[in-house]
Undergrad: 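Okay, here's the structure, questions in a sec.
What you are looking at is a predicted structure, and each value in this text was computed from that prediction instead of being measured. Residue numbers count from 1 along this sequence.
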Amino acid sequence: MRSASCCVLLLAFVFSVSADPQARAAAATAPPVAPVRDVVDKYWGVDVHDPYRFMENLKSPEVQTWIKAQAEHTDGVLNKLAIRDELLARLEELDSGRAFRIGGLVLAGDGRLFYLKVRAEENLSKLYVRGKSGGAERLLLDPSAIQSTDGGHFSISWYVPSPDGRRVVYGIAASGSEQDVLHVLDVETGRVLKDTIDRMEAGYTTPQWLADGTGFFYSRLQKLAPGAPETDGYRLSRAYLHRIGTNPNADPVVFATGLWPKVAIADVDFPSIVLAKGSAFAVGKIKHGDSNPLTLYAAPLGKAADLSKHGPGASPWKMVCDVADSVTDFAVHGGDIYLMSAKGAPRFKVLRTALAAPDFAHAQTVVAASEQVVDGLTAAKDALYIQFRNGGAGSVARLGWEAAAKLQPLALPGSFPSARIAASGAGGEGVLIQTAAWTRAGVTYAYDPVKNAFTDIQLNPAGKFDNVAGYESIEVEVPSHDGVRVPLSIIYKTGIKLDGSNPTYLTGYGSY
């Protein structure tokens, strides 16, 4: 959910531009037109038209010329706005209203909190850590300090602390690249270790530390042969096991196409290994490109190296679920796996089955389908925490691990209308909850399941424009053309007459 200041700014921009004659005149100038060169492919008997396929070649002089012309046209429109300087000043004022923003929270097993933080005057997030009882934060990693040879920049794509919080494995992307280079940081000394791994595609998975912190599982794209098509780089990715201090190019393969008998992994799939603290099992996850449903396998973890001892013998992997089972998220506790499935439940349900002998067809339903959408699962030491969504608002419920446990919705503090799970402790009890509202800033709380209480961890102080007085918001549902009720958030100034006579800025979003 966005803050009120964002919505007020959008309103101001729309009405100011529409009232500016110079802006209207500039906008009337036609932008450069791209030529249409239709290409038709037939898929399952259906003709699919692609009129701009030639623009996929970004190195083409014609395409580059068109892109530059578009940019010049845009500059021409914006530079003629009479209110351009005023609007820019207002944007900068609003942007600096909060001293910093924080995200990407991770609680390590020792209670230390890791997070990404970007100050108002900065463009890139930096990695910080602070003690389990709060206190002063410490800067761990500043990507802007990394020297570039081509004038570009570097950013932190992801990071994963080890279970004991002593080390952090992280990915660095160069100038917006979708491929990262993996590094390992010693938290106490700030020293970057020699372990470096390129060709990381962490959009589908992140490295998984071994319980003792001596190494981690990770997934890596294949190295292309000279002259091979660039698209082949996203085929035949593999999951490996890396031990700290060893040569990554000698890392054993543990999960990949053609590696294990009766484990079906296509050459375009993205295989990875997922671990859970306290569980004696590893989960083999297969992500089928950008498709949501997962294929999952389970195997006894034992010694991690056992997963690399593949051969003609029997496979240790047993299938948990396949694409047809519509599982899009999961969590592991001990010997059980909890599956978020849309099979026969368009708004999802939560099932449980044993990792030693998984049986999706007879899995126990622990959270039945309802009017709310199940939106995610998080395992903590004390319970399974479930993220729900009802329209645009999120909520969180707790399901204890005990056999007779009942679903316990968490009553949000401060009467906030929405919340999401921000992090769970690595083996710790409870979770961190991030609340949200349209007209005021959210708060990050630590939830204590023993006291059933929330504590503000003082992580995100409200900025100058985060709590704008004089505005209200309501959540309603509006019937669509086919009778389906569509959620709608309405933000308005306190005291206006809700009689349909007020100018309204309306936006809609639908995807996937």
Side-chain angles (χ1 to χ4, degrees), residues 100-117 125-142 156 158-170 184-193 206-216 244 274-279 331-334 376-387 396 398-401 408 410 412-413 419-435 442-461:
F100 55 83
R101 298 181 185 276
I102 285 178
L105 279 62
V106 179
L107 274 168
D110 65 351
R112 281 187 288 184
L113 179 63
F114 294 79
Y115 51 87
L116 297 173
K117 177 178 179 179
S125 295
K126 302 175 183 179
L127 178 62
Y128 293 81
V129 65
R130 76 179 196 184
K132 66 178 182 178
S133 57
E137 66 182 11
R138 180 161 61 93
L139 175 64
L140 290 179
L141 179 63
D142 178 3
I156 303 172
W158 47 266
Y159 74 96
V160 185
S162 61
D164 57 12
R166 292 178 53 224
R167 291 169 175 156
V168 173
V169 58
Y170 62 94
V184 182
L185 177 75
D186 184 289
V187 173
E188 296 304 324
T189 65
R191 181 172 62 94
V192 179
L193 306 186
T206 52
Q208 302 281 298
W209 282 96
L210 300 175
D212 59 6
T214 60
F216 49 80
I244 297 297
V274 178
L275 304 181
K277 183 176 177 63
S279 177
V332 172
H333 176 253
L377 306 176
T378 299
K381 184 178 181 179
D382 59 293
L384 177 71
Y385 288 84
I386 302 106
Q387 177 83 50
V396 179
R398 176 183 181 275
L399 183 67
W401 298 125
Q408 172 195 353
L410 301 187
L412 299 179
R420 63 177 179 85
I421 301 171
S424 65
E429 295 187 344
V431 289
L432 297 183
I433 299 288
Q434 177 65 49
T435 58
V443 177
T444 304
Y445 294 96
Y447 173 70
D448 184 339
V450 176
K451 299 179 181 178
N452 189 26
F454 292 88
T455 301
D456 183 351
I457 64 172
Q458 302 295 317
L459 195 63
N460 279 305

Undergrad: With under 30° as parallel and over 60° as perpendicular, where do the rings of Y115 and Y128 fit, or are they tilted in between?
TA: parallel

Undergrad: Given the rule in the side-chain contact (heavy atoms from CB on, under 4.5 Å) test, do V431 and R398 qualify, once you have shown the distances and angles that lead to the verdict?
TA: CA-CA 10 Å; V431 289; R398 176 183 181 275; over 6 Å; no

Undergrad: Do side-chain atoms of S162 reach the backbone of R167 as a donor and acceptor pair under 3.5 angstrom?
TA: yes

Undergrad: Provide the closest heavy-atom pair for Y445 versus I457 in the form atom of the first, atom of the second, distance.
TA: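 Closest approach of Y445 to I457, heavy atoms only: C-CG2, 4.5 Å.
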
Undergrad: Show, in sequence, the C-alpha distance, side-chain angles and deciding distance for Q434 and L105, and conclude whether the side-chain contact (heavy atoms from CB on, under 4.5 Å) test is met.
TA: CA-CA 10 Å; Q434 177 65 49; L105 279 62; 5.9 Å; no

Undergrad: Going by heavy atoms in the side chains, are T455 and D448 under 4.5 Å from each other?
TA: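 T455 does not reach D448 side chain to side chain.
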
Undergrad: Heavy atoms only: give me the nearest V168-F114 pair and the separation to one decimal.
TA: CG2-CE2, 3.7 Å

Undergrad: Would you say that V169 contacts W158 through its side chain, given a criterion of any heavy-atom pair below 4.5 Å between the two side chains?
TA: yes

Undergrad: Checking Q387 side chain against I421 main chain: does a donor-acceptor pair fall under 3.5 Å?
TA: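 Indeed, once roles are kept as given, a pair shorter than 3.5 Å links the two residues.
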
Undergrad: For Y385, is there any backbone N or O sitting under 3.5 Å from a side-chain donor or acceptor partner on T378?
TA: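 Answer holds: no.
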
Undergrad: Could you tell me whether the side chain of D382 and the main chain of G430 form a donor-acceptor pair under 3.5 Å?
TA: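 It does hold such a pair.
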
Undergrad: Just how far is it from atom CD1 of I433 to atom CZ of F454, taken to the nearest 0.5 Å?
TA: 5.5 Å

Undergrad: Could you tell me the separation between the CG atom of D186 and the CD atom of E188, rounded to the nearest 0.5 Å?
TA: 7.0 Å

Undergrad: How close do W209 and P161 get, counting heavy atoms only, and between which atoms?
TA: CD1-O, 3.3 Å

Undergrad: Between Y170 and L127, does the side-chain contact (heavy atoms from CB on, under 4.5 Å) criterion hold? Intermediate values first, please.
TA: CA-CA 10 Å; Y170 62 94; L127 178 62; 5.5 Å; no

Undergrad: Hey, what do you get for CG (L432) to CG (L107), rounding to the nearest 0.5 Å?
TA: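 Reported to 0.5 Å precision, the distance equals 4.5 Å.
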
Undergrad: Kindly give the heavy-atom pair with the smallest separation between L275 and Q208, and that separation in Å.
TA: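 L275 and Q208 have their closest heavy atoms at N-OE1, 3.0 Å.
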
Undergrad: Given side-chain contact (heavy atoms from CB on, under 4.5 Å), test L140 with R138 step by step and report yes or no.
TA: CA-CA 6 Å; L140 290 179; R138 180 161 61 93; 3.7 Å; yes

Undergrad: Any idea how W401 and H333 line up, ring-wise: parallel (<30°), tilted (30 to 60°), or perpendicular (>60°)?
TA: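 The arrangement is parallel - the two ring planes meet at less than 30°.
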
Undergrad: Quick one: pull up CG in L185 and CZ in R166 and give me the separation to the nearest 0.5 Å.
TA: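 Nearest 0.5 Å value for the CG-CZ distance: 12.0 Å.
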
Undergrad: What is the distance from atom CD1 of I102 to atom OG1 of T444, rounded to the nearest 0.5 Å?
TA: 7.5 Å

Undergrad: Could you report the tightest heavy-atom contact between L384 and A331, atom names first, then the distance?
TA: CD1-CB, 3.9 Å

Undergrad: Which pair of non-hydrogen atoms, one from E137 and one from K117, has the smallest distance, and what is that distance?
TA: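 Residues E137 and K117, closest heavy atoms: OE2-NZ, 2.7 Å.
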
Undergrad: How many angstroms lie between atom CG of N460 and atom CZ of F100, to the nearest 0.5 angstrom?
TA: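 CZ of F100 is found 6.5 Å from CG of N460.
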
